[in-house]
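Take a look at the structure below.
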2 protein chains.
Amino acid sequence: MAKRTAQRRAIVGELRECDAAVTAQELHERLDGVGLATVYRNLQRLADEGEADTIRRENGEQAFLVCERGHHHHLVCRSCGRVEDVRDCELDGWARKVARKRGFSQVEHRAELVGTCSQCRAA
Amino acid sequence: MAKRTAQRRAIVGELRECDAAVTAQELHERLDGVGLATVYRNLQRLADEGEADTIRRENGEQAFLVCERGHHHHLVCRSCGRVEDVRDCELDGWARKVARKRGFSQVEHRAELVGTCSQCRAA
DNA sequence: CTTTGTGCAAAGGCTTTGCATGCTT
DNA sequence: AAGCATGCAAAGCCTTTGCACAAAG
């Protein structure tokens, strides 16, 4: 089981305070006295344990965020990067229908909504 | 405007024959006498021009595929990687609803369906 | 005391870029 | 002839890994 080190606590703490998804490097910059490799290792582990979700930015960077358990999607602000969890998913019917039509089985789906949040819209 | 070189033709030709999305490196392996950098440059360009679509694999690699113009999604086989274009999109209503509820504007959505194609299911 | 985590630096993997050369137009 | 594409190798980035040391259980 995971040991409770000061670094791990710092990483988890900072991650929880983020509205947007962050990369290991970004988190490393915000934390003092935590090595970059340690940040990478902890984030990877949190993701493996299901404690954190990961997304890929367009440039391929891996960003992490703490989010709800279970099936959900993300609503991302294109301006500030804020991420909101969306539990309300109405895609399953559509997914099944499309899959059946094409002869695919065991369908899963992934979706992401991108928009401009009210705060950024005002600015 | 793009010059018609032998390499570019080879790249585009091979790309069109792919059922699945391919990375620059994979394409480079399949082509003889085409430098890796050239493959990267041409794929990037095709994507910029809208002639090719790009997806990110879990490990962050960028893979390319030729696909339909306009709004569509992808149905991907988790076994063989085959990609089928899906024009039938019923997500807009849902996307708008969710966005409005959260105060987001100018929503776009991205979705991906993953399943097992009939061929792979049989095997 | 044993096990696991951390730091640092080196190594890895994918992608981009600089520069001289060759092919298109 | 002028300009853009190609090749090769070097450089860039993000991420992972090896190893010695430190901390946790």
Side-chain angles (χ1 to χ4, degrees), chain A residues 1-16 18 20-67 74 76 81 83 112, chain B residues 1-16 18 20-67 74 76 81 83 112:
Chain A
M1 168 200 158
K3 293 188 177 179
R4 298 65 178 305
T5 66
Q7 291 90 335
R8 184 176 179 84
R9 263 189 292 265
I11 290 167
V12 173
E14 188 65 34
L15 188 59
R16 283 196 208 288
C18 292
V22 288
T23 65
Q25 312 217 36
E26 290 165 352
L27 212 45
H28 170 65
E29 286 172 14
R30 300 186 199 173
L31 297 170
D32 229 63
V34 182
L36 178 57
T38 298
V39 177
Y40 270 106
R41 280 188 280 235
N42 276 284
L43 288 179
Q44 193 55 65
R45 179 171 197 163
L46 287 167
D48 291 343
E49 294 168 338
E51 298 294 327
D53 233 20
T54 71
I55 64 176
R56 286 277 168 192
R57 297 189 178 162
E58 295 222 342
N59 61 7
E61 286 178 321
Q62 187 171 28
F64 300 76
L65 70 158
V66 288
C67 59
H74 290 142
V76 185
V83 178
E112 188 175 75
Chain B
M1 171 199 157
K3 293 189 176 177
R4 298 65 179 304
T5 65
Q7 291 91 333
R8 186 176 177 83
R9 265 188 291 265
I11 290 167
V12 172
E14 187 65 33
L15 189 59
R16 284 196 207 288
C18 293
V22 287
T23 64
Q25 314 216 31
E26 290 164 353
L27 212 45
H28 170 64
E29 287 171 16
R30 301 186 197 173
L31 297 171
D32 229 63
V34 183
L36 178 58
T38 298
V39 178
Y40 270 106
R41 280 189 280 236
N42 275 285
L43 289 179
Q44 193 55 64
R45 179 171 198 164
L46 288 167
D48 291 344
E49 294 168 340
E51 299 294 327
D53 233 21
T54 71
I55 62 176
R56 286 278 169 191
R57 296 190 179 162
E58 294 222 342
N59 61 8
E61 285 178 320
Q62 187 171 25
F64 299 77
L65 71 158
V66 288
C67 59
H74 291 142
V76 184
V83 177
E112 188 176 74

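Owing to the predicted nature of the structure, the values given are computational and were not obtained by experimental measurement. So you know, we letter chains A, B, ... as the sequences are listed, proteins then strands, and number each from 1.
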Counting only side-chain heavy atoms from C-beta out, which of [options] sits nearest to [X]?
| X | options | answer |
| --- | --- | --- |
| A:R4 | D:dG25, D:dC14, C:dC14 | D:dG25 |
| B:E61 | C:dC14, C:dT6, D:dA5 | C:dC14 |
| B:R41 | C:dT15, C:dT17, C:dT6 | C:dT17 |
| A:Y40 | C:dC14, C:dG7, D:dC14 | D:dC14 |
| A:T38 | C:dT6, D:dT6, D:dG7 | C:dT6 |
| A:T5 | C:dT15, D:dT6, C:dT6 | C:dT6 |
| B:K3 | D:dG3, C:dT15, D:dA23 | D:dG3 |

Original post:
In terms of the nearest nucleotide of DNA chain C, which residue is placed more toward the 5' end: B:T23 or A:A37?
Top reply: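 The residue mapped nearer the 5' terminus is A:A37.
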If I take atom [atom1] in residue [X] and atom [atom2] in nucleotide [N], what distance separates them, rounded to the nearest angstrom?
| X | N | atom1 | atom2 | answer |
| --- | --- | --- | --- | --- |
| A:N42 | D:dT17 | CG | C1' | 16 Å |
| A:L36 | D:dT17 | CG | P | 14 Å |
| B:Q25 | C:dT16 | CD | P | 11 Å |
| A:D32 | C:dT6 | CG | P | 16 Å |
| A:H28 | C:dT6 | NE2 | C1' | 13 Å |
| B:L43 | D:dT6 | CG | P | 11 Å |
| A:R8 | D:dA24 | CZ | P | 14 Å |
| A:D48 | D:dT15 | CG | C1' | 14 Å |

Do [X] and [Y] come within less than 4.5 Å of each other through their side chains, counting heavy atoms only?
| X | Y | answer |
| --- | --- | --- |
| A:R56 | A:E61 | no |
| A:L46 | A:L15 | yes |
| B:V22 | B:R30 | yes |
| B:L65 | B:H74 | yes |

Original post:
Has B:Q44 got a side-chain N or O lying under 4.0 Å from the OP1 or OP2 atom of C:dT16?
Top reply: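 Looking at the OP1 and OP2 atoms of C:dT16, one of them is under 4.0 Å from a side-chain N or O of B:Q44.
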Original post:
Within the structure, does a side-chain N or O atom of A:Q7 lie under 4.0 Å from either OP1 or OP2 of D:dA22?
Top reply: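 No.
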Subject >> Lys/Arg N to Asp/Glu carboxylate O, A:R8 vs A:E51, below 4.0 Å >> reply: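 No.
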With sugar-phosphate meaning primed atoms plus P, OP1 and OP2, does [X] contact a base, only sugar-phosphate, or nothing at under 4.0 Å between heavy atoms?
| X | result |
| --- | --- |
| B:Q62 | sugar-phosphate |
| B:N59 | nothing |
| A:R57 | nothing |

Original post:
Which pair of non-hydrogen atoms, one from B:H28 and one from B:V34, has the smallest distance, and what is that distance?
Top reply: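 Between these two residues, the closest heavy atoms are ND1-O, 2.8 Å.
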